[in-house]
Amino acid sequence: MSQKPGVHSLEGFSAIGTGIYLRSAHEQCQDTTLPNVILIFGWMGAQLRHLQNYTHAYTKLYPNASQIVVRCNPDVFWTTTGTRQRRLMPVIDALEALHCFPSSSSAQPPPRILTHVFSNGGSLQMTLLGHMLQRKYGSALIQRFITSVLILDSCPATGSLKTIKLAFSAVIRNPILRVIVLTMMYTLHFIGLGLSLVLGKRIMLMENLRIEMWNPRVLPWMGLHTPRLYLFSRKDKLIPWQDVTQHAETAKERGIDARCELFEESEHVAHIRVEPERYWASVQDIWAAAISKENVEDQRLLE
């Protein structure tokens, strides 16, 4: 019996790894003003039927772009780094197949990459992928200008015991398992807090994540030229809007082209339910900003 799309699979996608899905474009994108690779990092526990709302929209907006979707299971917070890296290897394989990295072939046009990240869970997956790519390619990706954008939906934020409870309670329905997981997360939280005080340096997971997200090369094809868009809401109970605003302001101070879209009535990672037109217009606008930077760079090279 075939699986119902949106429940156990993503319509139009192939599973290429554990929680990783690929939609290959049927024909090469000839329009150099559009993205040809879209990389989506889902929030913790995101169901495929919810992620499909975004993949469908991107397929309509940019039909000739390949899409890679990376899910985030709750165990990302306690699984070893080695295990998480092995799970992300198919993403690197797919990006290589889509010619996103330097190769011996000069015939391939440079990639145009749109990265869309949801919540702290998606941010953790993205930053780990960035470390893996940096180790593999080093400075090779810095040698050329790559048109790219970074879209941050409902992230990042430091988090607290309250938000930890809300986040894991939303994705773990079994009450016994929920108690076990929350106990483990609380323990890890207090161990990290204690070690931070004793050692005099930050080793809290979410605090380190916020710091890493200020890196303009959080993914190696990005840089100060990469515009980033923060999408967040005053009504988000998991990610305080003040935390996101502060992160964006600090990013601007560090030279990053950071822009904010603050919603008033939407819940966590639910902005498209309330104002879909505004949401997708913001996405298109930030991509247009990236293309403008590309045109400026092309003009500079011609001078």
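For the numbers below, each heavy atom of this structure counts, side chains included, while hydrogens, waters and symmetry mates do not.
Counting non-hydrogen atoms of other residues, nucleotides and ligands closer than 6.0 Å to CZ of R234 gives a total above 12.
Within the hydrophobic cluster formed by Ile, Leu, Val, Met, Phe, Trp and Tyr side chains joined at under 4.5 Å, directly or through other members, L224 is accompanied by I256.
The CD1 atom of I40 sits 8.5 Å away from the CG atom of L114 when rounded to the nearest 0.5 Å. Between atom CG of residue L133 and atom CD1 of residue I92 there is a gap of 4.5 Å, rounded to the nearest 0.5 Å. Summarising the geometry, atom CG belonging to N53 is positioned 8.0 Å from atom OG1 belonging to T55; distances are rounded to the nearest 0.5 Å. Atom SG in C100 sits 4.0 Å away from atom CD1 in I113 (nearest 0.5 Å). Remark: I239 CD1 to K237 NZ distance equals 13.5 Å, nearest 0.5 Å. Going from atom CG of L152 over to atom OG of S119 covers 11.0 Å, rounded to the nearest 0.5 Å.
At distances below 3.5 Å, at least one donor-acceptor pair connects side-chain atoms of W287 with backbone N or O atoms of T33. The backbone N or O of V269 sits less than 3.5 Å from a side-chain atom of S154, completing a donor-acceptor pair. Q134 places no side-chain N or O within 3.5 Å of a backbone atom of P220 that could act as its donor or acceptor partner. Checking side-chain atoms of Q85 against main-chain N and O of M132 turns up no donor-acceptor pair under 3.5 Å. Although no hydrogens or angles enter the test, the distance criterion places a donor-acceptor pair under 3.5 Å between the side chain of H225 and the main chain of I146. Between the side chain of N36 and the main chain of P111, no donor-acceptor pair closer than 3.5 Å is present.
Here the shortest heavy-atom pairing between L150 and M126 reads CD1-SD, 3.7 Å. Residues A94 and I68 approach most closely at CB-CD1, 3.7 Å, considering heavy atoms. In plain terms, the two heavy atoms of V244 and C155 that are nearest each other are CG1-O, 3.8 Å. Residue L98 comes nearest to S66 through the heavy atom pair CD2-OG, 3.5 Å, listed as atom of the first residue, atom of the second, then distance. H247 approaches R210 most closely through the heavy-atom pair NE2-O, 2.9 Å. Residues A25 and A65 approach most closely at CB-C, 4.0 Å, considering heavy atoms.
For the pair D31/N64, no side-chain contact is recorded, criterion being any heavy-atom separation below 4.5 Å from C-beta on. Contact annotation: the side chain of F263 never approaches that of D236 to less than 4.5 Å [non-hydrogen atoms, C-beta and beyond]. Residues L124 and C72 form no side-chain contact, since every pair of their non-hydrogen atoms from C-beta on lies 4.5 Å or further apart. At least one side-chain heavy atom of L95 sits under 4.5 Å from a side-chain heavy atom of W221. Between D153 and W43 the shortest side-chain heavy-atom distance does not fall below 4.5 Å. Taking the side chain as every heavy atom from C-beta outward, R87 and T83 approach each other to under 4.5 Å. Contact annotation: the side chain of P216 never approaches that of T226 to less than 4.5 Å [non-hydrogen atoms, C-beta and beyond]. The shortest side-chain heavy-atom distance between I38 and Y62 falls under the 4.5 Å cut-off.
In summary, the side chains of T81 and R84 do not present any donor paired with an acceptor at a separation below 3.5 Å, with no hydrogens or angles considered. Looking at E261 and H271, their side chains never bring a donor and an acceptor atom within 3.5 Å of each other. Side-chain contact of E275 with S266: a donor-acceptor pair under 3.5 Å is absent, judged by distance alone. In summary, the side chains of Y230 and R228 do present a donor paired with an acceptor at a separation below 3.5 Å, with no hydrogens or angles considered.
K293 has a carboxylate O that lies under 4.0 Å from a charged side-chain N of D257, or vice versa, which qualifies the two as a salt bridge. A salt bridge is absent between E267 and K235: the closest approach of a Lys/Arg side-chain nitrogen to an acidic carboxylate oxygen does not fall below 4.0 angstrom.
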(request) Using the side chain to side chain contact (heavy atoms under 4.5 Å, CB included) rule, take R71 and Y21 through it: C-alpha gap first, then chi angles, then the decisive distance, then the call. (result) CA-CA 9 Å; R71 299 182 76 183; Y21 304 85; 3.6 Å; yes

(request) For side chain to side chain contact (heavy atoms under 4.5 Å, CB included), just list the numbers for L129 and L39, CA-CA rounded to whole Å, side-chain angles, deciding distance to a tenth of an Å, and then say yes or no. (result) CA-CA 11 Å; L129 179 67; L39 187 55; 4.2 Å; yes

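Of the candidates L10, T59, V69, T59 is the only one forming a side chain to side chain contact (heavy atoms under 4.5 Å, CB included) with R23.
Ring geometry, H116 versus Y58: the interplanar angle exceeds 60°, so the pair is classed perpendicular (tilted spans 30 to 60°).
Following chains of ILVMFWY side-chain contacts shorter than 4.5 Å, one cannot reach Y54 starting from V274, and the two form parts of different hydrophobic clusters.
With sequence neighbours left out, the side-chain contact (heavy atoms from CB on, under 4.5 Å) criterion links T245 to F232, W241, E249.
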